Amino acid sequence: MLKKRSVVLAGHATSVALEPEFWAVLDRMADSRGLSHAGFLTWVDETRGRRPLASACRLLALAYAASETIIVEP
């Protein structure tokens, strides 16, 4: 089930709906940068280019999670 968060971006109210697992990773990212949820989503919005906001959030979460994963090869 998707969890929706609302925020004002560039003066416009919007919401982002993501799976809780993605929000958990994004919350860790925001905490590590000392940003609130709104501040973090504002940063994502400013750096996402033409990509949809929800897609940008998911891709950032995947990249962050992958960077935390240690792969041990046999």
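Note that the structure is a prediction, hence the values are computed from the model and not measured.
- Using a 4.5 Å cut-off on side-chain heavy atoms (C-beta onward), Leu2 and Pro20 make no contact.
- To the nearest 0.5 angstrom, Leu62 atom CG is 11.5 Å from Cys57 atom SG.
- Across Leu53, Leu26, Val25, a single residue satisfies side chain to side chain contact (heavy atoms under 4.5 Å, CB included) together with Leu18, and that is Leu26.
- Salt bridge status for Asp27 with Arg5: present, with a side-chain N to carboxylate O gap under 4.0 Å.
- Of the options Thr14, Val7, Val16, Leu9, a side chain to side chain contact (heavy atoms under 4.5 Å, CB included) to Asp45 is made by Leu9 and by none of the others.
- Under the 4.5 Å side-chain heavy-atom criterion for grouping Ile, Leu, Val, Met, Phe, Trp and Tyr, Trp43 is not connected to Val8 through any hydrophobic cluster.
- Here CZ of Phe40 is found 4.0 Å from CE of Met29. Values are rounded to the nearest 0.5 Å.
- With contacts defined as side-chain heavy-atom distances shorter than 4.5 Å, the pair Glu19/Arg58 qualifies.
- Taken to the nearest 0.5 Å, the CG atom of Leu41 stands 11.0 Å off from the CD atom of Glu46.
- A pairwise comparison of heavy atoms in Ser6 and Ser15 identifies OG-CB, 3.8 Å as the closest pair.
- The side-chain heavy atoms of Leu59 and Arg51, taken from C-beta on, include a pair separated by under 4.5 Å.
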